[in-house]
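Source: prediction; values computed, not measured.
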Amino acid sequence: MSHRARLVIALVSTGLVGYVTLGSLLGRALGDTSYGQLAIFNEVVNLALNNYVEPVNLDRAMAGARLGMADALDGDSCYLDAEQYKLLQQPAAETDAEIGVVLTRRFAFVMVVAARPGSPAAKAGLQAGDILKSIDERHTRPMPAPIAERLLRGAPGSSVKLQVLRAGAEPFDLSVVRERLRPAAAESRMLDEGTGYVRVSDFTPATAEDVRAQLESLRRSGAVRLLLDLRDAAWGAPADGVRVAELFLQGGPVAKLVGRRTEEQLLQADAARSAWSGPLAVLVSNGTAGPGEIVAAALADAGRAKLVGEHTFGRAALQKTVALPEGGLVLTVAKYMSPKGTSIHGQGLTPSVPVEPDEDEEAEGAPKTDRILEKALEVVKAESTPAAKAAA
């Protein structure tokens, strides 16, 4: 063993022995087992450095330990080496283009949270839950999600090559052309007599007022019931999701932000901003995340709407980036809960009316059906019947 390795072991051991000895006594009294875990880690370090079949590269081993600990927390916490941290700190160029995906880490790989509707990624067929095994032949197994998102950016018109893993399918390759993307405005239309439809895919500071205008237009067109489509809605700030949710509430709580070192925040709806009190159903999918999940959870907990569709992704938290002597750490420090205290982050939302994706191939030439939309329409019409109103 090298002199440097012996010195490191001595320094680590000396510090940990005193820390763990005192901490173990306090830990037993307070019921805290973290000091015992540190003692085990110290023993693992000693055993590995003294007994492994070959000399241990200490820098690589310790970097692996830091990476592994962050990776075990959640898909949005990550350790960055010095090169990765420098890349993350570089501001994105105004001329950069992207493919339109939100990413996280699951199963030790980079995973697609959602493909933005109408984006190059969506057009290429990327879906929520797809794993990006490689990006331009760079393997993503050790890659933090924020770095993967940076690698997907580039000059407009340039291509990025992806190797994709999808459950139940053979691995496949995609070449996706980057484009400059702008936030999509809310879309609306009348589905049939009395039923309006609003789709929100992006959340920006202007989205709530945009949705309000769409609601007024639908009301003038005769809408008395509404479908709010939040499928694959994963872009934007939680605060913008709160402002959309309050359009459908008569005041009351929208969400809670909780963390061990973060003061709990209760986000409330302003009753004066309510814009729709009629029957409502919300469409959700595996790609509904972040602000989309906050809206869906608020409306479900308030009894304002049934959620129709698929289990949502479960990604609604606050991260903090911390500089380290070598590299940095992205750490989840708080998470969003539904008004009734149900955790959204890492759990997702279970729809009131589940609709399994249609895996059967459509007959050639036949129009493709939207099973979630059809079911939501059925649900909202049932909610608006005289019997349903009387029961409410």
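Under the ring pair (Phe, Tyr, Trp, His ring centres under 6.0 Å) criterion, His139 pairs with Phe109, sequence neighbours left out. Residues passing the side chain to side chain contact (heavy atoms under 4.5 Å, CB included) test with Gln319 are Asp76, Ala317, Val330, Thr332, sequence neighbours excluded. Checked against salt bridge (charged side-chain N to carboxylate O under 4.0 Å, His left out), Arg166 has the following partners two or more places apart in sequence or in another chain: Asp130. For Tyr85, there are no ring pair (Phe, Tyr, Trp, His ring centres under 6.0 Å) partners, not counting sequence neighbours. For Asp192, the side-chain hydrogen bond (donor to acceptor under 3.5 Å, both in side chains) partners are Thr195, Lys381, not counting sequence neighbours. For the side-chain hydrogen bond (donor to acceptor under 3.5 Å, both in side chains) test, no residue two or more places apart in sequence or in another chain qualifies with Ser201. Under the rule for a side-chain hydrogen bond (donor to acceptor under 3.5 Å, both in side chains), Asn57 has no partner lying at least two apart in sequence or in another chain. Remark: Lys306 engages Glu383 in a salt bridge (charged side-chain N to carboxylate O under 4.0 Å, His left out) (not counting sequence neighbours). In terms of the side chain to side chain contact (heavy atoms under 4.5 Å, CB included) criterion, residue partners of Ala124 (sequence neighbours excluded) are, by chain and number, Leu174, Val176.
Counting heavy atoms of neighbouring residues, nucleotides and ligands inside a 6.0 Å radius, atom CD of Glu264 exceeds 12 of them. With a 6.0 Å radius and a threshold of 12 heavy atoms from other residues, nucleotides or ligands, Phe172 has its CZ atom above the threshold. More than 12 heavy atoms of other shown residues, nucleotides or ligands fall within 6.0 angstrom of atom CE in Met190. Counting non-hydrogen atoms of neighbouring residues, nucleotides and ligands closer than 6.0 angstrom, the CD atom of Glu326 reaches no more than 12 such neighbours. Counting heavy atoms of neighbouring residues, nucleotides and ligands inside a 6.0 Å radius, atom CD of Gln90 exceeds 12 of them.
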Donor-acceptor pairs under 3.5 Å, side chain of residues 271-287 to any protein atom, not counting sequence neighbours: which ones?
from   : atom 1 : to     : atom 2 : distance (Å)
Arg273 : NE     : Glu246 : OE2    : 2.5
Arg273 : NH1    : Glu209 : OE2    : 3.1
Arg273 : NH2    : Glu209 : OE2    : 3.3
Ser274 : OG     : Leu249 : O      : 3.2
Ser274 : OG     : Gln250 : NE2    : 3.0
Trp276 : NE1    : Gly278 : O      : 3.2
Trp276 : NE1    : Pro279 : O      : 3.4
Ser285 : OG     : Asp232 : N      : 3.1
Ser285 : OG     : Gly287 : N      : 3.2
Asn286 : ND2    : His311 : O      : 2.8

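Summarising the geometry of His345 relative to Lys335, their closest heavy-atom pair is CB-CB, 3.9 Å, with the distance given to 0.1 Å. Heavy-atom minimum distance, Leu88 versus Pro146: CD1-CB, 3.7 Å. Among all heavy-atom pairs drawn from Lys340 and Asp301, the shortest one is N-OD2, 2.8 Å. Contact between Val211 and Ala186 at its shortest, heavy atoms only, is CG2-CB, 3.9 Å. Between Pro144 and Gln84, the shortest heavy-atom distance links the atoms CD-NE2, 3.4 Å. The two residues Leu103 and Ala148 have their closest heavy-atom pair at CD1-CB, 3.8 Å.
Rounding to the nearest 0.5 Å gives a distance of 13.5 Å between CG of Asp71 and OH of Tyr79. In this structure, CG on Leu324 lies 8.5 Å from CG on Leu80, to the nearest 0.5 angstrom. Here the OG atom belonging to Ser134 is positioned 10.5 Å from the NZ atom belonging to Lys161, to the nearest 0.5 angstrom. Interatomic distance, CG of Leu191 versus CG of Leu218, reported as 9.0 Å (0.5 Å rounding). Glu179 contributes atom CD, which lies 10.5 Å from atom OG of Ser158 (distance to the nearest 0.5 angstrom).
With hydrogens and angles ignored, the 3.5 Å screen pairs a side-chain donor or acceptor of Arg105 with a backbone N or O of Arg141. Side chain of Thr288 to backbone of Thr312: no donor-acceptor contact under 3.5 angstrom is found. Arg150 places a side-chain N or O within donor-acceptor distance of the main-chain N or O of Leu87, the cut-off being under 3.5 Å. Glu293 places a side-chain N or O within 3.5 Å of a backbone atom of Gly290 that can act as its donor or acceptor partner. One N or O on the side chain of Thr140 and one on the backbone of Leu132 form a donor-acceptor pair closer than 3.5 Å.
Looking only at side-chain heavy atoms (C-beta outward), Val380 and Leu226 stay at 4.5 Å or farther from each other. Taking 4.5 Å as the limit, some side-chain heavy atom of Val353 sits within range of a side-chain heavy atom of Val379. Using a 4.5 Å heavy-atom threshold, the side chains of Leu267 and Ile294 count as separate. The shortest side-chain heavy-atom distance between Ile99 and Leu162 falls under the 4.5 Å cut-off. Within the 4.5 Å cutoff, side-chain heavy atoms of Val102 are placed close to those of Arg315. Side-chain contact between Pro351 and Val308: absent, with no pair of heavy atoms (C-beta onward) separated by less than 4.5 Å. Using a 4.5 Å heavy-atom threshold, the side chains of Thr204 and Asp210 count as separate. With contacts defined as side-chain heavy-atom distances shorter than 4.5 Å, the pair Val101/Val113 does not qualify.
Sequence neighbours left out, the pairs with a member in residues 109-126 that pass salt bridge (charged side-chain N to carboxylate O under 4.0 Å, His left out) are Arg116-Asp202. Legend: ring-ring contact (aromatic ring centres under 6.0 Å, His included) pairs involving residues 207-250, not counting sequence neighbours: none detected.
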Are Glu98 and Asp96 close enough, and set up right, to give a side-chain contact (heavy atoms from CB on, under 4.5 Å), and what steps lead you there?
CA-CA 7 Å; Glu98 55 184 308; Asp96 275 358; over 6 Å; no
Is there a side-chain contact (heavy atoms from CB on, under 4.5 Å) between Arg231 and Asp370? Walk through the geometry before answering.
CA-CA 12 Å; Arg231 289 177 291 180; Asp370 187 336; 2.9 Å; yes
Begin with the C-alpha distance, continue with both residues' side-chain angles, and end with the deciding distance and a verdict on side-chain contact (heavy atoms from CB on, under 4.5 Å) for Glu310 and Ile372.
CA-CA 8 Å; Glu310 302 169 321; Ile372 294 178; 4.2 Å; yes
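With salt bridges taken as basic N to acidic carboxylate O contacts below 4.0 Å, none links Lys86 and Glu83. Here Arg371 does not pair with Glu374 in a salt bridge; the nearest charged N to carboxylate O distance is not below 4.0 Å.
Cluster annotation: Phe313 is not connected to Val164 through the hydrophobic network of ILVMFWY side chains, with a link wherever side-chain heavy atoms come within less than 4.5 Å. By the criterion of side-chain heavy atoms lying less than 4.5 angstrom apart, applied directly or through intervening Ile, Leu, Val, Met, Phe, Trp or Tyr residues, Met143 is not grouped with Leu67; the two fall into different hydrophobic clusters. Leu227 and Leu230 fall into different hydrophobic clusters, where Ile, Leu, Val, Met, Phe, Trp and Tyr residues are linked whenever their side-chain heavy atoms come under 4.5 Å apart, directly or through other members. Residues Leu349 and Val355 do not share a hydrophobic cluster, defined by chaining ILVMFWY side chains whose heavy atoms lie under 4.5 Å apart.
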